[in-house]
Colleague: 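Supplied in structure tokens, the structure appears directly below.
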Amino acid sequence: MLSQIRTLITVFRHTFTKADTVQYPEEKPYLAPRYRGRIVLTRDPDGEERCVACNLCSVACPVDCISVQKTEAPDGRWLAESFRINFSRCILCGLCEEACPTHAIQLTPDIEMAEYDRQNLVYEKEHLLISGPGKYHDYNFYRHSGKAIAGKGKGAAVGERAPIDTRSLLP
Amino acid sequence: MVDKHKVDKSMADNTKADRVGIIIDGCRYEVDAGENLLQACVSLGLDLPYFCWHPALGSVGSCRQCAVIQYQNDEDDSGRLVMACMIPASEGMRVSLQQETARQFRKTNIEALMTNHPHDCPVCEEGGNCHLQDMTLMSGHIKRGYPGTKRTHKNQQLGPFLNHEMNRCIACYRCVRFYRDYAGGTDLDVFGSKNHLYFGRAESGVLANPFAGNLAEICPTGVFTDKPYSRHYVRKWDLQTGAAICSNCSLGCNINVGERDGLVRRISNRYHAAINGHFLCDLGRFGYEHVNLGRRLEQPLQRNNAERATERLGAKAAKALLTEIINQNSSHQGETDNTQTKAGCIALGSARSAIENNAALLRLVGKDNFYLGVPDAQAAMLRQLCDAYSQGRVKPTSMKDIEASDAAFIIAEDISHTAPRLALTLRQMSRNAGKAKALTFGVQIWQDDAVRNLTQSLRSPLHILASHETELADVATQNLVLPLEGQLRLLRAVLALLTQTPPTETHTETQIDPDPLSGQAGEIVADLLAARRPVLICGTQSNEPELLRLCLEIAERLQARPQHDKDQTGFYGVTRHANDLFLGLIAQAQSLTPSPLGIDALLSRLADEPIETLIILETDLYRYCDKDRLDKLLDRVKQLIVIEQQLTPTAQMADLLLPASSFAESQGCWLSAEGRLQFSFAAMPAIEGRAQAWQWLSEAREQQAHTQTQTQTQTQTQTQAQDEPRGRSELIAWVAQALPALAAINAFAAPLEFKTLSPFPIARQPLRASARTAIHAGQHVREPQPPADPNSPYAYSMEGVAGFRQAQTQIISVLPADAWSPKWNSDQAGSLRTALLQSPQDSGLGLSEGPPEPGTVPAPGADPGADAQASDCWRHGICIFSQTEPGSIPVTVSAPEATTAAQSVAAQSADVLPAGVWPLAPDANRYADAELACLGDAIRAAMPEARVRLHPESADKLGLVQGDDIRLSRYPSPEDCESADVCLSCTLDAAVAREQLLVPTPVFMRLGHLARVIAGPHGTQGGEHD
């Protein structure tokens, strides 16, 4: 009896509290800037694609929804020939971003991806690639990596000495 | 204890000595005596990191990574630091892997190795398959503490097979030790000093050694990586792997085929103790790209002559059409009963197709209408080999035994090109004298540096008889460069010396003057007789049955010598194609016919009588015959059915063209030149329009049989067609019955049945295969079901028994035992451990005896006790000739082959020939001769330009200089049509025998042993000069 009254009071009290539900499409909820939503592929400060098709996002993905095929650009960079993500499977967990060694994959707060046709949720590289560096303004993988590309030869990366002369016996 | 007296005599038994007990971290283990401590630890499954050690290369102790603490005695509790790879395991030895000093040493060591390692794992092909990654993690080094700068290197271009990225090097020396010491290469070396070491060539250029591809596997990090794999790269964890048999040559090396998304991505070595061990040749490793070609046949095609069009057919329609053609044929035959032929349907088999495919064709057309897909002379030689094997006159030897032998004689076979992996084996064989010497000094075989120091230039006798200097010349005791006629003369002299009769008895021509070759023959015979385990290597390259007959006779004589135990005289008959020996067995079964039914016999039959239907299985006739002549002959055939993988010139002539699946998409049996029957599993499913030839043919046959016996009931045939596993086992049973020598094939009748230890299929993909829900999402977002594979124990998915458990629960594992278990994840470490864990005693330096090969194999699943033996047939294959004793299999002895006119002329010396006619010899090239492999980009890039090689003196006679064109035509020219000329540029080479022209194998196959040189330099009539 007492508990029933208490229940009634609780219910009655809620009539006057502010509703958590918002009228979503008209009224947007606040999402933190680092909210985990749709991924993008960013570019390095020089405007080149950051993704090197290393496949680490693909293997980190718990629902196996990222498929990457590597190719090589004429300048020696590794590139994604195709980068496909099936957002109808994606759980927005952010593990791909964590796995990405070049800061190419970054999650954005955009979660508004509803579609009538599931096929439209399959995003290819051109749908994902943005023109800026995203959260990391300065990082350029090839400036740190020992791999030579056109315009950055051996020994030109950060923390590297010039290539050795194999014919020299000097200490 | 190692019995030293026994050791120096019998190298074979040295590591089979007793076991010793050692104490590692307080636990007592039993290991092989004389084994080094590192190998012992790895064999026991303990985690001890290493880089420079390799079971095939031995220890040098250069990387300092396998440090352990060794205690003097039970009281000693501080011990001293030793390198495990450099100390032998001895009784009662007490060591610690886990002691803090040792662990700290290993961690610091790897930290030092990593100071210069570039920051490029994401863009490294080795990433995820890297021994350095695994060992770094295992040693516990996580964070770079060194603040200084990194030294860098410039890379080199190393040709079509390998990428070079020197920055990743940790200076373990494995590459040069393999390339120079093991494979005999000269153009890779180490330069510089201290931490400026540079492993590469003196300057950029193509690595010349045909085993360079192994560097990609042997390098513990990513300095040398697989270049074709990099072009269509996927990470190792995404590869769907099938345990296949290499079909590029006759050795039957075991390979793992890695596939993803319908493309074969790479081929890696699958350890087989008795065949390829740890290494593959470059042809085997890179010769797969033809599978991925976009222009491969995808659908059955039918020629529509009325509309001058080609019609695409569905698989079902094609099968129906095939059935119709064959049935029509047999019914037509019934009406107008030709006295000449029993059936109007004849067929040509293939030497590069699996046993099942040939067998299905043989069953369909019958023995008398089945032609072997090799020229007549080759067929005759194959029959000779099979006869000798099945009568027990000679017994083929495994490559492991060849490696353990102590003298070899290679006869007229350029094995560096026709069977490259065998050449590597013989190179190791030549070291046995040095190893034996080392053993007498008490030095263990795995003490690589010490053994080489003791060896110096001491080599086991290796005699090479060839028409030019081969790539093994640098390790040969004697290089005999002779034209065919001289080769025959020498072999007769050898044979005569062995039979202890004067060399002139058999051959009257040489009676007049004493043979100048008898001295060399004497040396050969002396070495062969002095050896404990001599081995003869010969083959079918010469295309001369007489030569093979002599070789077989020499082998027989050698076995008959009293000082030789029968089993210890080796013989290896190299053949040209992967399944040649099976054709030999068919030829044996056809032995009622006077001459073998090869391609020449087929062509003459085509010329003689009108043929209703000709079925050609995976053979390109245009490789063996002039275009004009063949065009005319094929036009006479009413229905030409071709089953082929690629659109070859023969396939273009077909009325009905059925696409065949490649080695990567088919499962079936292969019979290697050693007589080892092995089963090859598919790595990927064939697309809808492609099927294995036996699948195309068996339905047609079933319907044919059906219509012949009773009225056709549609439902019944349909159910039969669906029941594929039964179709195959029925076919296998038929083979076993039709070819008694191949009765052992019954063991492979049901691939499903070896899966006895687990109810689940085996996963072809690793547990961590990625992108399952995205890879096909481009076509449709719905994930398709993985393709079913009802006929094999494997699944085309990651479902089933995972890779690293396979070794425990399955008899045959496609993945290294520890793949995707942490720590021993890279292919090289994993496969190495698989080898060690599988059979501890036969992983070593090739001197030990493995477990006995199964001779007779019980039916799989017959009784649980037979499991181990049944497993052996899947893992090791079955040596079908290993149990044959003389007379055990009744064989109708075929009459000695009547040598055709051309062959007997070839055996004459050059001065007897008419002017302008020159003897030809085949100049094999491993890449250019591989019919399918040379369609791939990488192999094509490695192919040399086709040219004629001749001795400068011969060139003088012909009035030729380097680079001139030389025009050859068949001699004697065929009657029925004008023979087309072959025009090639010539290269002068003093390493070639005089009085002969060395031409590429395809040209040799087309022209035969003799050719008229009709045009000399610059197209002028210069051939008649001499």
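Please read these numbers as outputs of a predicted model, since none were measured by experiment. In what follows, every chain begins at residue 1, and chains take the letters A, B, ... in the order their sequences are listed.
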Colleague: Relative to chain B, which segment of A/Val122 carries a heavy atom at a distance below 4.5 Å: side chain, backbone, both, or neither?
Modeller: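 For A/Val122, side-chain heavy atoms alone lie under 4.5 Å from chain B.
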Colleague: Quick check: do A/Pro163 and B/Lys154 have side-chain heavy atoms less than 4.5 Å from each other?
Modeller: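 They are in side-chain contact.
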Colleague: Are A/Arg89 and B/Glu783 ion-paired here, with the side-chain N under 4.0 Å from a carboxylate O?
Modeller: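 Salt bridge: yes.
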Colleague: Where does B/Gln779 contact chain A at under 4.5 Å (heavy atoms): side chain, backbone, both or neither?
Modeller: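 Only the backbone of B/Gln779 comes within 4.5 Å of chain A.
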Colleague: Counting only heavy atoms from other residues, nucleotides and ligands, does the tally under 6.0 Å from CD of B/Gln157 exceed 12?
Modeller: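 Atom CD in B/Gln157 is not crowded, with 12 or fewer foreign heavy atoms closer than 6.0 Å.
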Colleague: Taking CD in A/Glu126 as the centre, count heavy atoms belonging to other residues, nucleotides or ligands within less than 6.0 Å. Is the count above 12?
Modeller: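 Yes, the 6.0 Å shell around CD holds more than 12 heavy atoms from other groups.
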Colleague: Taking side chain as everything from C-beta outward and backbone as N, CA, C, O, which of these in A/Cys65 sits under 4.5 Å from a heavy atom of chain B? Side chain, backbone, both or neither.
Modeller: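 For A/Cys65, heavy atoms of backbone and side chain both lie under 4.5 Å from chain B.
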Colleague: With a 4.5 angstrom heavy-atom cut-off, could you sort out which part of A/Ile66 is near chain B: side chain, backbone, both or neither?
Modeller: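 Contact with chain B: backbone only.
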Colleague: In Å and rounded to the nearest 0.5 Å, what is the CG to CG distance from A/Asp64 to B/Asp238?
Modeller: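 Here the interatomic distance stands at 9.0 Å.
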Colleague: So which atom in B/Thr152 and which in A/Arg161 form the shortest heavy-atom distance, rounded to 0.1 Å?
Modeller: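 Scanning both residues completely, I find the closest heavy atoms to be OG1-O, 2.8 Å.
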Colleague: Would you give the length of the straight line joining atom NE2 of B/His196 to atom OG1 of A/Thr166, rounded to the nearest 0.5 angstrom?
Modeller: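 Spacing of NE2 (B/His196) from OG1 (A/Thr166) equals 10.5 Å.
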Colleague: Side chain to side chain contact (heavy atoms under 4.5 Å, CB included) between B/Arg772 and A/Ser67: does it pass, once the steps are laid out?
Modeller: CA-CA 8 Å; B/Arg772 184 177 53 85; A/Ser67 170; over 6 Å; no
Colleague: Between A/Asn86 and B/Thr773, which heavy-atom pair has the shortest distance, and what is it?
Modeller: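 Here A/Asn86 and B/Thr773 meet closest at ND2-O, 2.8 Å.
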Colleague: Which region of A/Ser88, side chain (C-beta onward) or backbone (N, CA, C, O), has a non-hydrogen atom less than 4.5 Å from a non-hydrogen atom of chain B, or is it both or neither?
Modeller: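 For A/Ser88, the side chain is the part near chain B, not the backbone.
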Colleague: Under 4.5 Å from any heavy atom of chain A, what part of B/His780 do you find: side chain, backbone, both or neither?
Modeller: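 Looking at B/His780, backbone and side chain both touch chain A.
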Colleague: I'd like to verify something: which residue of B/Pro118, B/Pro147, B/Pro122 has the highest number of heavy-atom pairs under 4.5 Å with chain A?
Modeller: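 Sorted descending by pairs with chain A, the first entry is B/Pro122.
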Colleague: Is it the side chain or the backbone of A/Ala157 that comes within 4.5 Å of chain B heavy atoms, both, or neither?
Modeller: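 Interface part for A/Ala157: neither.
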Colleague: What closest approach, in Å, do A/Gly146 and B/Asn167 show between heavy atoms, and which atom pair accounts for it?
Modeller: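 Answer, listing the atom of A/Gly146 first, then B/Asn167: O-ND2, 3.2 Å.
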Colleague: What distance separates A/Asn55 CG from B/Lys236 NZ, expressed to the nearest 0.5 Å?
Modeller: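 Reported to 0.5 Å precision, the distance equals 14.0 Å.
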Colleague: If you take all heavy atoms of A/Leu56 and B/Trp237, which pair is closest and at what distance?
Modeller: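 Nearest heavy atoms, A/Leu56 then B/Trp237: CD2-CH2, 3.9 Å.
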Colleague: Tell me, for B/Cys121 versus chain A, whether the close heavy atoms (under 4.5 Å) come from the side chain, the backbone, both or neither.
Modeller: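 Neither part.
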Colleague: How are the rings of B/His119 and A/Phe141 set to each other: parallel, tilted or perpendicular (split at 30° and 60°)?
Modeller: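 Plane angle between 30° and 60°, so tilted.
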Colleague: What residue, out of A/Gln119, A/Glu72, A/Lys70, has the most heavy-atom pairs lying under 4.5 Å from chain B?
Modeller: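 Max contact count across the listed options: A/Gln119.
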Colleague: Looking at B/Ile142, I want to see if its CD1 is surrounded by more than 12 non-hydrogen atoms of other residues, nucleotides or ligands under 6.0 Å.
Modeller: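 No, because the 6.0 Å sphere around CD1 of B/Ile142 holds 12 heavy atoms or fewer from other groups.
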Colleague: Going by heavy atoms in the side chains, are B/Glu165 and A/Lys154 under 4.5 Å from each other?
Modeller: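 Heavy-atom side-chain distance check passes, below 4.5 Å.
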Colleague: Please round to the nearest 0.5 Å and tell me the distance separating atom OH of B/Tyr198 and atom CZ of A/Arg167.
Modeller: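 The OH atom of B/Tyr198 sits 9.5 Å away from the CZ atom of A/Arg167.
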Colleague: Within a radius of less than 6.0 Å around OH of A/Tyr24, do more than 12 heavy atoms belonging to other residues, nucleotides or ligands occur?
Modeller: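 Yes - once you tally the heavy atoms of other residues, nucleotides and ligands closer than 6.0 Å, there are more than 12.
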Colleague: Calculate, to the nearest 0.5 Å, the distance between atoms CD1 and OG belonging to B/Ile775 and A/Ser58 respectively.
Modeller: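 Rounded to the nearest 0.5 Å, the CD1-OG separation comes to 8.0 Å.
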Colleague: So which part of A/Gln69 gets closer than 4.5 Å to some heavy atom of chain B, the side chain, the backbone, both or neither?
Modeller: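 Side chain only.
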Colleague: With a 4.5 angstrom heavy-atom cut-off, which part of A/Glu160 approaches chain B: side chain, backbone, both or neither?
Modeller: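 Looking at A/Glu160, backbone and side chain both touch chain B.
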Colleague: In this structure, are over 12 heavy atoms from other groups packed under 6.0 Å from B/Tyr146 atom OH?
Modeller: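 Yes - once you tally the heavy atoms of other residues, nucleotides and ligands closer than 6.0 Å, there are more than 12.
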Colleague: Are there over 12 heavy-atom neighbours, none belonging to B/Arg782, within less than 6.0 Å of that residue's CZ?
Modeller: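 Open.
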